[in-house]
Amino acid sequence: MRLHAPVSEEKIRKVCQEFVGPIYQRPPLKSSVKRVVRVRTIYYIDVLEISGKDVLMRVGCQAGTYIRKLCHDIGIVLGVGAHMQELRRTRSGPFKEDETLVTLYDLRDAYDTWIEEGDESLLRKVIQPVEAAVKHLPKVVIRDSAVDAICHGADLAAPGVLRLETGIKKNSLIAIMTQKGELVALGQARMTTQEILEAEKGIVAKTIRVIMDRGTYPKMWRS
Amino acid sequence: MKKKALPADEKREVLIKAEEPTDPNYGCKPEERPIEEYIKLGIINLDKPPGPTSHEVVAWVKRILKVKKAGHGGTLEPLPTGRGGEIQR
């Protein structure tokens, strides 16, 4: 963030903290969403470095937060004005800046190594299995016999559940998995962890996005 | 002190409701998928170059890997660099 006039470090830090928690934002003109005022949550703002009018900070926020607007609004509260100078997304859900972060060059090299030398290992390092996308979601592991029904869009019923994680709340997103660790589908929980654990029947989760191909596991329900 | 955690960082425990063996003849552990299937059900944590749009970058990924379908997980505000998640199919 670049301020339009110098401000004391103390005031910068104090004002930034005021933006932690829920804030209002209206998407800017150049956006792909409807321009209505909406609430976004800022989980933390960590001011890392201040150099003259430049403020380097790490912001943890809800998806869909406009950092450009956040900087603008911080500038207004500081009284001097400010704008976003540079932005780098360092994390999104399960994806971080770690050894899985690769460039297009890495991708091309890995592909060429496979095609020209028959060596798959680089490609398998550069590409993650789709299950990596749900590492951060609570998981529900189901019986083999329930898998194909889910692949056809059926909702998940209590008898199908083998294992589940704590922290599942009503309407939260969950990952429905096989015992082999494969992602079957994304679901929306209709019960909490405790309710699922105790239920003998009933719909545990609504299937909202099927990932696994039908027929991967055998059809085991009466039509 | 400042807590630098996101909701996605919540620690969870596994609870067992029932047990049943899984049939080795169906399905496959993700790491063991044959390479074509591994790519098809793959995801790339891509450090997107600044400049080109996410859409263009997806086109490049499809060309490099010779896949028909690929997508990306959300656009960034114009101008910055930053990671994008590419999803293949």
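Chain A is the first sequence line, chain B the second, and so forth, proteins listed ahead of strands; every chain is numbered from 1.
Between B:Asp9 and A:Arg91 a salt bridge is recorded (basic side-chain N to carboxylate O distance below 4.0 Å).
Inspection of the A:Asp144 and B:Thr22 side chains reveals an N or O donor paired with an N or O acceptor under 3.5 Å.
A:Val130 is not listed as a side-chain neighbour of B:Lys40, based on a closest heavy-atom distance of 4.5 Å or more. Contact of the B:Leu65 side chain with the A:Leu107 side chain is registered, since non-hydrogen atoms from C-beta on lie closer than 4.5 Å. For the pair A:Val102 and B:Asp47, the minimum side-chain heavy-atom distance is 4.5 Å or more.
When the candidates B:Lys29, B:Arg33, B:Glu19 are compared by the number of heavy-atom contacts under 4.5 Å with chain A, B:Arg33 comes out ahead. Counting heavy-atom pairs closer than 4.5 Å to chain B, the top residue among A:Leu197, A:Thr216, A:Thr178 is A:Leu197. Of the listed residues A:Arg58, A:Lys139, A:Glu198, A:Glu165, the one with more heavy-atom pairs under 4.5 angstrom with chain B than any other is A:Glu165. When each of A:Arg108, A:Gln62, A:Glu131 is checked for heavy-atom pairs under 4.5 Å with chain B, A:Glu131 comes out on top. Interface check for chain A: of the options B:Ile16, B:Ile35, B:Val14, the most heavy-atom pairs under 4.5 Å are formed by B:Ile35.
In terms of heavy atoms, B:Gly42 sits closest to A:Ile127 at CA-CG2, 3.6 Å. When all heavy atoms are compared, the tightest approach of A:Tyr217 to B:Tyr26 is OH-O, 3.6 Å. Shortest non-hydrogen contact noted between A:Trp114 and B:Ile39 is CZ3-CD1, 3.9 Å. In this structure, A:Ile196 and B:Lys17 approach most closely via the heavy-atom pair O-NZ, 2.9 Å. Smallest separation of non-hydrogen atoms from B:Tyr38 and A:Arg124: OH-O, 3.1 Å. Looking at every heavy atom in both residues, A:Gly181 comes nearest to B:Pro30 through O-CG, 3.4 Å.
Going from atom NZ of B:Lys66 over to atom CD1 of A:Ile115 covers 7.0 Å, rounded to the nearest 0.5 Å. Here the CG atom belonging to B:Leu41 is positioned 6.5 Å from the CG atom belonging to A:Asp213, to the nearest 0.5 angstrom. To the nearest 0.5 angstrom, B:Leu15 atom CG is 13.0 Å from A:Leu162 atom CG. Distance check: B:Ile44 CD1 to A:Leu101 CG gives 11.5 Å after rounding to the nearest 0.5 Å. In this structure, CG in B:Asn45 is found 6.0 Å from CZ in A:Phe95, a value given to the nearest 0.5 Å.
Side-chain atoms of A:Tyr44 do not come within 3.5 Å of backbone N or O of B:Leu6 as any donor-acceptor pair. A donor-acceptor distance shorter than 3.5 angstrom exists from the side chain of A:Thr166 to the backbone of B:Glu13, with no hydrogens or angles considered. The backbone N or O of B:Asp23 lies less than 3.5 Å from a partner atom in the side chain of A:Lys180, making a donor-acceptor pair. Between the side chain of A:Gln179 and the main chain of B:Glu20, a donor-acceptor pair closer than 3.5 Å is present. Panel note: side chain A:Glu182, backbone B:Cys28; a donor-acceptor pair is recorded below 3.5 Å.
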Residue pair B:Leu46, A:Thr103: steps toward the side-chain contact (heavy atoms from CB on, under 4.5 Å) verdict = CA-CA 6 Å; B:Leu46 189 70; A:Thr103 64; 5.6 Å; no
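For A:Ile168, no part sits under 4.5 Å from any heavy atom of chain B, backbone or side chain. Proximity to chain B (any heavy atom under 4.5 Å) is shown, for A:Thr41, by neither the backbone nor the side chain.
With sequence neighbours left out, the side-chain hydrogen bond (donor to acceptor under 3.5 Å, both in side chains) criterion links A:His83 to A:His4, A:Gln85.
Counted within 6.0 Å of CZ on B:Arg12, heavy atoms from surrounding residues, nucleotides or ligands total more than 12; the atom is thus considered enclosed.
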